[in-house]
2 protein chains.
Amino acid sequence: MEKSVLGVEKRKSVAVPEPAIRRMPSYLTLLRQLRNDGLEYISAPRLAVHLDIDPTQVVKDLAYTGATGRPRIGYVVADLIEILEEFLGFNRKHEAFIIGVGFLGSALIQYQGFREAGMKIVAAFDTDKKKIGTDIAGVPVFDLAKFRDLAGRLHITIGIITTPAASAQQIADLMVGWGIKAIWNFAPVSLKVPSHVIVQNTHIYSNLAVILNKLEQLKKAE
Amino acid sequence: MEKSVLGVEKRKSVAVPEPAIRRMPSYLTLLRQLRNDGLEYISAPRLAVHLDIDPTQVVKDLAYTGATGRPRIGYVVADLIEILEEFLGFNRKHEAFIIGVGFLGSALIQYQGFREAGMKIVAAFDTDKKKIGTDIAGVPVFDLAKFRDLAGRLHITIGIITTPAASAQQIADLMVGWGIKAIWNFAPVSLKVPSHVIVQNTHIYSNLAVILNKLEQLKKAE
DNA sequence: ATTTAATAAAGAAAAATATCTTTATTAAAT
DNA sequence: ATTTAATAAAGATATTTTTCTTTATTAAAT
């Protein structure tokens, strides 16, 4: 934990390890399920068995959220859910734009699960005349060309890119110009953006590469 | 590097770090683009700038594939592409089943990009009568019920799960029974499978959690 | 031919992450 | 009331991954 000269914790010290953040939604999903099953308390070791991870890791991850459990009992399921939702921001509203209304884009627009995380896609953009003017699950599809020179800053913070790889960078530039603060990129490219803009990549090929590599190792081990 | 009693390297020693595997498709995508732009040679430092990662990391990642470059010149783009494709298995054929023909399932079935990686979804399964009997982009949708007791082992190695979370585990059990070797799970649950079966999770919430967390940190830093 | 600068490659160090160990707590059993 | 066993929490260790450093190579410039 980094300390400043005066001994006061720096803001940076709030940072929670990314792997821990990535695990938290799994805890939340499992806990919601356990709550629906009527469970009141759950211990870290039991959560660990469910999720097949190290028990102490569960304790540490949960400690980051400020949750405290009681020995011999564990955590109060309902409380832990609330704490996690609050910590992850899943109980707040997050509005997003999506650019690229292909198969993946449509799927994300229609994905009901985002509601569980407070995220709402409020508008979609594309260059395809056939798609412009339609709406997908209530989300209107606009002509990207008309929004190129969008004046003024928007209150939308998240931009989702589901365009082909070739146009992803220029879309990212556009989003930066719009004042988007975080870009969720599904196109298989690395985007160049100013340092104050967050980029989160979801590269489908990376996952596939890991699968194929493990399969290959399995073959070799035979 | 683990050694056996006799000092001979164990098979396990072939293992390449997963983070390196995850980065490799990015190299491949970029290299294909550079090749299309007519570039013949590329050095690791230049690749590093493109991808915004450490130059030595690029060298090390590429070294895992067996690729060798020349000082002052770099790597031969065309050769490197081939080496990476071979290493990742993207130049071989990988057939897969998908279970769950919702928005995400349909999107994956229609996703042309999988061809770039040699993966082909050959059949889809669902329990929805409306979907059964149809086909999506040439991929037939079968009644899952009819395949429950599929006799004998299949030559299909990869099973993709895009069902709701609630049914994911039973689908995984089914796939294990079919002799599927690797499961690519998009449902937000941890699957319990025998140790010889590979599970790769693509949890959309994890990515979202990271984005929201970074946004939160950004806010705090203001 | 010699020098120079860019680079691959190998090795060392640092940072991040996960796992293991110990201690203190506390509900339940005795 | 006392003991026991399960557990959270804190700390230490180990592992993994990344970054830094050094060395050797080689194409291009002199």
Side-chain angles (χ1 to χ4, degrees), chain A residues 1-2 10 12-24 26-27 31 34 39-77 79-80 83-84 190 206 209-210 213-214 217, chain B residues 1-3 10 12-24 26-27 31 39-77 79-80 83-84 190 206 209-210 213-214 217:
Chain A
M1 199 163 284
E2 209 171 325
K10 278 189 187 172
K12 205 185 165 189
S13 67
V14 205
V16 175
E18 189 171 311
I21 300 283
R22 300 189 72 84
R23 283 187 292 269
M24 285 181 189
S26 315
Y27 300 141
L31 286 164
L34 294 173
L39 198 74
E40 270 194 78
Y41 300 93
I42 184 86
S43 70
R46 271 157 187 272
L47 281 172
V49 169
H50 270 108
L51 298 164
D52 199 30
I53 52 181
D54 191 272
T56 59
Q57 189 153 68
V58 175
V59 174
K60 294 204 165 172
D61 287 347
L62 296 181
Y64 286 122
T65 68
T68 62
R70 279 156 62 192
R72 291 282 304 208
I73 295 288
Y75 302 84
V76 179
V77 174
D79 293 357
L80 194 49
I83 290 169
L84 274 167
S190 327
S206 293
V210 173
N213 182 255
K214 285 181 182 167
Q217 281 185 274
Chain B
M1 198 164 284
E2 208 172 325
K3 301 252 181 175
K10 278 189 185 173
K12 205 184 165 190
S13 65
V14 206
V16 174
E18 191 171 310
I21 300 284
R22 301 188 72 85
R23 282 188 293 268
M24 286 182 190
S26 315
Y27 299 141
L31 286 164
L39 198 74
E40 270 194 81
Y41 300 93
I42 184 88
S43 70
R46 271 157 187 271
L47 281 172
V49 169
H50 271 108
L51 298 164
D52 199 30
I53 52 181
D54 191 271
T56 59
Q57 189 155 67
V58 175
V59 174
K60 295 206 164 170
D61 287 348
L62 296 181
Y64 286 123
T65 68
T68 62
R70 279 156 61 191
R72 293 279 306 206
I73 296 287
Y75 302 84
V76 178
V77 175
D79 292 357
L80 195 48
I83 290 169
L84 274 166
S190 326
S206 293
V210 173
N213 182 256
K214 285 180 182 167
Q217 279 185 275

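Below, chain A is the first sequence line, B the second, and so on; all start at residue 1. Side chains included, hydrogens not; waters and symmetry mates left out as well; all remaining heavy atoms used. This structure is a prediction, so every number in the text was calculated from the model and none was measured.
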> From D:dA28, D:dT7, D:dT18, pick the nucleotide closest to the side chain of B:P19?
Replying inline: D:dT18

> Could you give the CG-to-P distance, from B:D61 to C:dA8, as a whole number of Å?
Replying inline: 13 Å

> Side chain of B:S206, backbone of A:R22: donor and acceptor closer than 3.5 Å?
Replying inline: yes

> Of all the choices, C:dA9, C:dT19, D:dA8, which nucleotide is nearest to the side chain of A:Y75 once you look at every atom?
Replying inline: D:dA8

> Just how far, in rounded Å, is P of D:dA8 from CG of A:L62?
Replying inline: 9 Å

>> Is there a side-chain contact between A:Q57 and the phosphate of C:dT17, meaning an N or O under 4.0 Å from OP1 or OP2?
In response: no

> Where each residue is assigned the nucleotide of DNA chain D containing its nearest heavy atom, which of A:K60 and A:R70 is assigned the position nearer the 5′ end?
Replying inline: A:R70

> With respect to the side chain of A:R23, which nucleotide from C:dA18, C:dA28, C:dT7 is positioned closest?
Replying inline: C:dA18

>> Any non-hydrogen side-chain atom of B:R23 less than 4.5 Å from a side-chain atom of B:L51?
In response: no

>> Nearest to the A:D54 side chain among D:dA9, C:dT19, D:dT7, which nucleotide is it?
In response: C:dT19

> Nearest-Å distance, CG (A:L80) to C1' (D:dA8)?
Replying inline: 13 Å

>> In whole Å, I'd like the distance from the CD atom of A:E40 to the P atom of C:dA27.
In response: 15 Å

> Between C:dA28, D:dT7, D:dA28, which nucleotide gets closest to the side-chain atoms of B:R72?
Replying inline: D:dA28

> Is there a Watson-Crick or G-U wobble partner for C:dA27 with both distances under 3.5 Å, and if so, which one is it?
Replying inline: D:dT4

> NA contact type, B:P55, heavy-atom cut-off 4.0 Å: base, sugar-phosphate, or nothing?
Replying inline: nothing

> Whom does C:dA16 pair with, Watson-Crick or G-U wobble, provided both distances fall under 3.5 Å?
Replying inline: D:dT15

> Would a 4.5 Å heavy-atom cut-off, applied to side chains only, mark A:N213 and B:M24 as touching?
Replying inline: no

>> Measure CD1/B:I21 against P/D:dT18 and give the value in whole Å, please.
In response: 12 Å

>> Using whole Å, what does the distance between atom C1' of nucleotide D:dT18 and atom CG of B:L51 come to?
In response: 16 Å

> Rounded to the Å, how far apart are A:I73 CD1 and C:dA24 C1'?
Replying inline: 17 Å

>> Are B:I53 and B:Y27 packed together at the side-chain level, in the sense that at least one heavy-atom pair is separated by less than 4.5 angstrom?
In response: yes

> Rounded to whole angstrom units, what separation is found between the OH atom of B:Y64 and the P atom of C:dA9?
Replying inline: 13 Å

>> I'd like to check A:L34 versus A:L47 (side-chain heavy atoms, cut-off strictly below 4.5 Å). Are they in contact?
In response: yes

> Phosphate oxygens OP1/OP2 of D:dT19: is one of them under 4.0 Å from a side-chain N or O of B:T56?
Replying inline: no

> A:V59 has a side chain; which of C:dT19, C:dA8, D:dA9 sits nearest to it?
Replying inline: D:dA9

> Taking all non-hydrogen atoms of both residues, which atom of A:P45 and which atom of A:P55 are closest, and how far apart?
Replying inline: CA-CB, 4.2 Å

> Of the nucleotides C:dT7, D:dT7, D:dA9, which one has an atom closest to the side chain of B:P71?
Replying inline: C:dT7

